[in-house]
S.K.: 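Sending over a structure as structure tokens; questions will come in a sec.
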There are 2 protein chains.
Amino acid sequence: MDIVTGVGVIDKAMLILHAVADSPANLNDLQSATGLPRATAHRLASALVEHGMLRRDADGQFALGHGLVALGQAAAEHFPLADLARPVLEDLRDQTGESVQLFVREGAGDGAQRRCVLSFESTHGLRWIVPQGALLPLDVGSAGRLLSGESHRDGWVQSVGEREAGVASVSAPVTSGDGSVIAAISVSGPIERLSRQPGKRFGEEVVAAAERLSG
Amino acid sequence: MDIVTGVGVIDKAMLILHAVADSPANLNDLQSATGLPRATAHRLASALVEHGMLRRDADGQFALGHGLVALGQAAAEHFPLADLARPVLEDLRDQTGESVQLFVREGAGDGAQRRCVLSFESTHGLRWIVPQGALLPLDVGSAGRLLSGESHRDGWVQSVGEREAGVASVSAPVTSGDGSVIAAISVSGPIERLSRQPGKRFGEEVVAAAERLSG
DNA sequence: ACGTGCTATCCCACATTATGGGATACTCTG
DNA sequence: CAGAGTATCCCATAATGTGGGATAGCACGT
């Protein structure tokens, strides 16, 4: 087995999925991308094909399968927040002209992270992009600190050049009926435009958007 | 182990995913839906949560995870045919007023099936619905027989009450540059509207749509 | 407050399951 | 036809996942 022992089949299967996620891959690509032995990679990939998580494309390469898009759709349907948030975020993006995102906390305890569920890009030429589905750390960035429980005096939290140099952001919490934070809305862009006090600049707008969603 | 021995971890994981796909489920639901022992279901589900394929919702229930929507999106991006087909199918639906679908063959040899990649519903009150992502048999239904290699003299294949009583359909092949069949476009609806010769009624339209996509 | 029924989570000896090195079968290309 | 680059198959080995049961946590009703 690999140097790292104690990894389960599911972990290996996920390695394969993510290796294929970027672009279709043949067995050799899989092997080098995952570090798995050929036979193992082949067996797992074949099993995933059987279940529609992967497919063989015209060239015989492994690509993400159609079962995955079906499951992905189902997943989106079972998460109504994203649908509700779409128009709100779009409005916010138009108001501010900057990139806006919706983050949710994901994972337990120490390994917790935040996931960008929704992302609309700034209309400016110089724009800061967070891809949908991206996983970001929980301890840096305004939305991250917000989701990790940091208090927000004015309804928002800001950060300047914290997670990424040159990027500033303001975030506000989306709360459920009982007041618990279930998500965070974030406006982010270059410091040059957001200034060193992004909260002053866009705090009100972000909070308003977050409140439209809360409840 | 279960009565059915020889099933792999991945198969069990997929059981769990599909059990959750319909609606969020707690551990007991999972247990009865999958037939897996509690401990096993719990361990696998937890592993899937770690990888973002599942998540714990507000009630602690297992639901489809955000990682899944990200992968699903990526999968859709890597399958350009679906995007190209969208406007074509929409036009076809408007022309015919009936439900239209795009099918691709999936799986090898004996266990081959067809997957509905795209589905637009008829505007009629009485409509025949094939959900996106659905897996259908390859040996019945016009699109099924088409994808399993049946010849199509007039450019289309029809079926009447074959897979489902009361439902008729016409399908035409989408071919790649070298003439091989890579997908099938299908118009289907109640026999009352499509008649017992759906090919005569909508054959031309389906073939035209399929040709717009081919190549 | 206490018991009761429900659930999620953890533990550990066991053997079923996945493993992976290597042999084989394909499929192009020159 | 030789040769390189593939995918696929095989099978002895042991590492992995298993699952019965024990524990912990939670919510409700008496």
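In what follows, every chain begins at residue 1, and chains take the letters A, B, ... in the order their sequences are listed.
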S.K.: So, is B/K12 close to the D/dT18 phosphate, meaning a side-chain N or O under 4.0 Å from OP1 or OP2?
M.R.: yes

S.K.: If a pair satisfies ring-ring contact (aromatic ring centres under 6.0 Å, His included) and one of its residues is in residues 49-88 of chain B, list it, with sequence neighbours excluded.
M.R.: A/H66-B/F79, A/F79-B/H66

S.K.: Of the nucleotides C/dG20, D/dG17, D/dA7, which one has an atom closest to the side chain of A/N26?
M.R.: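 Looking only at side-chain atoms, A/N26 lies closest to D/dA7.
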
S.K.: Expressed as a whole number of angstroms, how long is the span from B/L36:CG to D/dG20:P?
M.R.: 11 Å

S.K.: Out of D/dG19, D/dT18, D/dG17, which has the shortest distance to the side chain of B/A39?
M.R.: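 Shortest atom-to-atom distance from the side chain points to D/dG19.
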
S.K.: Within the 4.5 Å heavy-atom criterion, are A/W156 and A/V206 side-chain neighbours or not?
M.R.: no

S.K.: Rounded to the nearest angstrom, tell me the gap between atom CG in A/L44 and atom C1' in C/dA18.
M.R.: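 One finds 8 Å between C1' of C/dA18 and CG of A/L44, rounded.
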
S.K.: Can you measure A/L30 atom CG to D/dT8 atom C1' for me and round it to whole angstrom units?
M.R.: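 A/L30 atom CG is separated from D/dT8 atom C1' by 15 Å.
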
S.K.: Going by salt bridge (Lys or Arg N to Asp or Glu O under 4.0 Å), name the residues that satisfy it together with A/D139, two or more places apart in sequence or in a different chain.
M.R.: none

S.K.: Could you verify whether a donor N or O on one side chain and an acceptor N or O on the other, from B/S186 and B/S171, lie under 3.5 Å apart?
M.R.: yes

S.K.: If we fit an axis to the first five pairs and another to the last five of the helix from C/dA1-D/dT30 to C/dG30-D/dC1, what angle do they make, to the nearest 10°?
M.R.: 40°

S.K.: Which of these nucleotides, C/dA18, C/dT19, D/dA7, is closest to any side-chain atom of A/N28?
M.R.: D/dA7

S.K.: Given atom CG of B/D11 and atom C1' of D/dT18, what is their separation to the nearest angstrom?
M.R.: 15 Å

S.K.: With sequence neighbours excluded, what pairs up with A/R145 under the salt bridge (Lys or Arg N to Asp or Glu O under 4.0 Å) test?
M.R.: A/E150, A/E162

S.K.: Taking atom P of C/dT17 as reference, at what distance in whole Å does atom CD1 of B/I10 sit?
M.R.: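 After rounding, the reported distance stands at 15 Å.
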
S.K.: Calculate the interatomic distance between A/R56 atom CZ and C/dC26 atom P; express it in whole Å.
M.R.: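 Taking CZ of A/R56 and P of C/dC26, I get 16 Å after rounding.
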
S.K.: Quick one: salt bridge (Lys or Arg N to Asp or Glu O under 4.0 Å) partners of B/R115, sequence neighbours excluded?
M.R.: B/E106

S.K.: A/L15 has an atom CG; how far is it from atom P of C/dA18, in whole Å?
M.R.: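 Rounded to the whole Å, the gap is 17 Å.
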
S.K.: Give the table of side-chain donor-acceptor pairs shorter than 3.5 Å for residues 22-30 of chain A, with sequence neighbours excluded, one pair per line with atom names and distance.
M.R.:
unit_1, atom_1, unit_2, atom_2, d
A/N26, OD1, A/N28, N, 3.1
A/N26, OD1, A/D29, N, 2.8
A/D29, OD2, A/N26, N, 3.2

S.K.: Within this structure, what is the NE2-to-P distance between A/H42 and D/dT8, rounded to whole angstrom?
M.R.: 4 Å

S.K.: Remember a base hit wins even if backbone is also touched, and classify B/R43 as base, sugar-phosphate or nothing at under 4.0 Å, heavy atoms.
M.R.: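 Answer is base: heavy atoms of B/R43 come under 4.0 Å of a base.
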
